[in-house]
Amino acid sequence: MATIGYEGVLKMIEELTTNAGQIQDEVLREILSRNAGTEYLRGFLHGQTEKQLFKKNVPIVTYEHLKPYIDRIANGETSDILLAEPITGFFLSSGTSGGQPKMTPVTAQVTKNCELFRGFYESPVIKHFGDINQAGKRMELMFARPEIETPSGLKAASVSTSIYKESKFRTILPKLYTSPIETIFCPDPNHGLQCQLLFGLIQRDEVVTIGSLFASTVLRGIKFLENHWQELCYDIKTGRLSDWITDSGCRNAASLVMKPNPEQADLIESICNCKSWEGIIRKLWPKARYIGCICTGVMRQYIAELEFYCRGLPLVSAFYACSEAICGINLEPLCKPYDVSYTFLPSMAYFEFLPVENDHDESIDMKKNDEDTELVDLVNVKAGQCYELVVTTCAGLYRYKVGDVLMVSGFYNNAPQFQFVERKNVILSVDQEKTSETDLSKAVTEAKALLDPLGFILTEYTSYVDTSSAPGHYVLFWEIKGKEGKHCKELDPKIMVECCSRMEESLHYTYKIYRKRNIIAALEIRVVKQGSFEALMDYYVSKGTSLSQYKKPSCIKSEEALKILDSRVIGKYFSPKSPL
């Protein structure tokens, strides 16, 4: 990719999207010709490779269907029970958006596709912002997690950790990034975060982009800086790392570059020591051209707060991918973060789409029986229609339901463009009603509009169903931040009660009917103190989730996670009446 330049890559994208249908057929043909003889596919195809036989006989599956095969490989059986190409390792999903972490095979082809994909998603960014690799350095917050060795000897790691371990990445790291490798692999994420922010501040005049994989991690970094800037300035002034950073790798990396710089420390201190941190990112890193992080899906809730800190600096969601498959890129990186669409690349996997339908006003539900619903090919999806993504990959996933619901927003040449709608099955339900992630997000958006004119920002939220008393009711945990030094204690309780009412009024018809019939009790908002959702993140990271890949759950299922939030509640508010 690097040899042909970004303009050459853009031409490749034109060719791929123009010939999307033909390329999809070739991808499926290649996957089936290689793998039709595996134990898994042989039971459905009997050695045949025809597309129509594949669509007729191979079932639509979830991870639980394929897990026994993956477990067998992890325990030492040969990989040809699932795929012909040798497995080199496994990717681990974060496990925070949909339950337990999933382990999916990695092959040489998967690694090659990942390298190609980077060139694809970076080229539109270079087109609009210039080649940042030549302009300066990236201050990207990156966190690796320890690998897990399976009984077979094969290693399992998060996608991001796998990338950080590659020799190619380690070679380019000192030139292109502000963070030394030791800070990325630091066992303690807080030690690593402190050091990465420190190195980013020391090299602030070279930084041309700031980011992380997800918006939540960027915000975690800014909030950490907001709480520790005085200590960081002291470290820069003295040229010594704080004593509480005990990791030897971080200390060794710091000793190589740190030297006393009181002038720089005073300048950073004067920037940070202000009443409002609005626009602080631009002030601290004046050459930054954009913030690169995923802001779609569940990350949408962080956009308002990120925009507060960056004040006009573009937020760029460059790609859509998951542990199971590489999918699409954002061809318009300058578009508003709420309007991002991803153009699917037909060469990365064989894509099919399961239509979804409205189960009530504005809420999305699956067709009742997958087997009775014909999946739609990539080039045959309809604009405005919602689908659940189903992938067939070179790594042994066949007609695999990813669990993401997408809406077709348009086409680029013959390739569809999708907007992320929600994760499937992330819902609240007391009785027979189903409240989806999208329903919840819309209701929260309506309610938090009451806070904005008063100088407050809803920075985080999550939910759960409280059935400890009858009837059960929806509970929302909100973390609220005041602008211009305001404290959330100054917020009028009447406004919070009105937020409860506004949420209920914004939910779907079935919910309102059940509320009127007292099948569901009044919605509750519990306001938690500042830092509560950071404590929640710390809990999931302590359980093995990579900080780089952490996605806060929209609905809390873990009793321990619930205790963390409940212990930090500073106010409880209920809707005073049934919605109209």
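Heads up: numbering here begins at 1 and tracks the sequence. These numbers come from a predicted model, not from an experiment. Heavy atoms only: backbone and side chains are in, while hydrogens, waters and symmetry mates are out.
Side chains of Ser409 and Gln419: a donor-acceptor N/O pair is absent below 3.5 angstrom, by distance only. Neither side chain, Ser323 nor Ser93, offers a donor N or O lying under 3.5 Å from an acceptor on the other. Using modelled atom types, one finds no donor on one side chain facing an acceptor on the other under 3.5 Å when comparing Glu433 with Tyr509. Looking only at atom types and distance, the side chain of Asn330 has no donor-acceptor partner in the side chain of Tyr320 under 3.5 Å away. Ser242 and Glu231 are linked by a side-chain donor-acceptor pair at a separation below 3.5 angstrom, with hydrogens and angles left out of the test.
The minimum heavy-atom distance between Leu141 and Val218, with the atom names listed, is CD1-CA, 4.4 Å. Across all their heavy atoms, Cys293 and Phe214 have their closest contact at CB-C, 3.8 Å. When all heavy atoms of Ala443 and Leu507 are compared, the pair lying nearest together is CB-CD2, 3.9 Å. For the residue pair Val527 and Ile480, the shortest heavy atom distance occurs at CG2-CD1, 4.2 Å. Between Tyr342 and Thr296, the shortest heavy-atom distance links the atoms OH-OG1, 2.8 Å.
Sequence neighbours left out, the pairs with a member in residues 300-310 that pass salt bridge (charged side-chain N to carboxylate O under 4.0 Å, His left out) are Lys223-Glu305.
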**Asked** Passes side chain to side chain contact (heavy atoms under 4.5 Å, CB included), Cys499 versus Trp478? Steps please.
**Response** CA-CA 11 Å; Cys499 285; Trp478 281 21; 4.0 Å; yes
Which is it for Arg220 and Asp538 under the salt bridge (charged side-chain N to carboxylate O under 4.0 Å, His left out) test, yes or no, and what are the steps along the way?
CA-CA 11 Å; Arg220 169 70 176 254; Asp538 288 337; 2.6 Å; yes
Run Thr510 and Ile513 through side chain to side chain contact (heavy atoms under 4.5 Å, CB included) and show every step you take. CA-CA 5 Å; Thr510 309; Ile513 291 295; 5.8 Å; no
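Cation-pi geometry between Lys552 and Tyr461 is met: under 6.0 angstrom from the ring centre, within 45 degrees of the axis.
Inter-residue side-chain proximity for Cys195 and Ile245 is flagged as met; some heavy-atom pair is nearer than 4.5 Å. In this structure, the side chains of Trp277 and Glu226 come closer than 4.5 Å at one or more pairs of heavy atoms. Side-chain atoms of Gln194 and Leu232, non-hydrogen and from C-beta on, do get closer than 4.5 Å to each other. Using a 4.5 Å heavy-atom cutoff, the side chains of His473 and Val465 are not in contact. Looking only at side-chain heavy atoms (C-beta outward), Val61 and Leu66 come within less than 4.5 Å of each other. Contact annotation: the side chain of Thr435 never approaches that of Ser429 to less than 4.5 Å [non-hydrogen atoms, C-beta and beyond]. Within the 4.5 Å cutoff, the side chain of Trp229 has heavy atoms near those of the Asn273 side chain. The side-chain heavy atoms of Phe574 and Val497, taken from C-beta on, include no pair separated by under 4.5 Å.
Side-chain N or O atoms of Ser567 include one that pairs as donor or acceptor with a backbone N or O of Lys563 at under 3.5 Å. Formation of a donor-acceptor pair under 3.5 Å by the Ser436 side chain with backbone atoms of Glu422 is not found in this model. A donor-acceptor contact shorter than 3.5 Å is absent between the side chain of Thr209 and the backbone of Ala288. His128 places no side-chain N or O within 3.5 Å of a backbone atom of Leu331 that could act as its donor or acceptor partner. One N or O on the side chain of Ser162 and one on the backbone of Ser158 form a donor-acceptor pair closer than 3.5 Å. Thr183 places no side-chain N or O within 3.5 Å of a backbone atom of Ser179 that could act as its donor or acceptor partner. Glu388 places no side-chain N or O within 3.5 Å of a backbone atom of Val356 that could act as its donor or acceptor partner. A distance-only check finds a donor-acceptor pair linking the side chain of Trp285 to the backbone of Gly200 [under 3.5 Å]. At least one donor-acceptor pair under 3.5 Å links the side chain of Thr462 to the backbone N or O of Ser554. For Thr161 (side chain) and Ala157 (main-chain N/O), no donor-acceptor pair under 3.5 Å exists by modelled atom type.
Contacts of Ser468 classified as side-chain hydrogen bond (donor to acceptor under 3.5 Å, both in side chains), with partners at least two apart in sequence or in another chain: Asp466. Listed by chain and number, the residues in a ring-ring contact (aromatic ring centres under 6.0 Å, His included) with Phe224 are His228 (sequence neighbours excluded). Taking Asp566 as the reference, Arg526 meet the salt bridge (charged side-chain N to carboxylate O under 4.0 Å, His left out) condition, with sequence neighbours excluded. Taking the ring-ring contact (aromatic ring centres under 6.0 Å, His included) definition, one finds that Tyr474 meets it with Tyr511, sequence neighbours left out. With sequence neighbours excluded, the residues satisfying ring-ring contact (aromatic ring centres under 6.0 Å, His included) with Tyr290 are Phe129. The side-chain hydrogen bond (donor to acceptor under 3.5 Å, both in side chains) search around His65 returns Thr62, not counting sequence neighbours. Residues forming a ring-ring contact (aromatic ring centres under 6.0 Å, His included) with Tyr164 (at least two apart in sequence, or on another chain): Phe169. Contacts of Tyr400 classified as side-chain hydrogen bond (donor to acceptor under 3.5 Å, both in side chains), with partners at least two apart in sequence or in another chain: Glu324. For Lys287, there are no salt bridge (charged side-chain N to carboxylate O under 4.0 Å, His left out) partners at least two apart in sequence or on another chain. Take Asp452 and apply the salt bridge (charged side-chain N to carboxylate O under 4.0 Å, His left out) test, not counting sequence neighbours, and it matches no residue. Scored by the salt bridge (charged side-chain N to carboxylate O under 4.0 Å, His left out) test, Asp188 finds no partners at all (sequence neighbours excluded).
The CG atom of Asn227 lies 11.5 Å from the CD1 atom of Ile222; values are rounded to the nearest 0.5 Å. Rounding to the nearest 0.5 Å places CG of Leu406 at 13.0 Å from CD of Gln417. Here the SG-CG distance, from Cys295 to Leu306, works out to 6.0 Å after rounding to the nearest 0.5 Å. For the atom pair Arg282 CZ and Cys310 SG, the distance stands at 7.5 Å (nearest 0.5 Å). Glu352 contributes atom CD, which lies 7.5 Å from atom CD1 of Ile60 (distance to the nearest 0.5 angstrom).
More than 12 heavy atoms of other residues, nucleotides or ligands shown are found within 6.0 angstrom of NZ on Lys283. Residue Tyr338 places its OH atom among more than 12 non-hydrogen atoms of other residues, nucleotides or ligands, all under 6.0 Å distant.
Using a 4.0 Å cut-off between a side-chain N of Lys or Arg and a carboxylate O of Asp or Glu, Lys512 and Glu504 do not qualify as a salt bridge. Electrostatic pairing of Lys401 and Glu64 does not count as a salt bridge here, judged by no charged N lying under 4.0 Å from a carboxylate O.
Between Tyr387 and Phe351, a ring centre-to-centre spacing not shorter than 6.0 Å is recorded.
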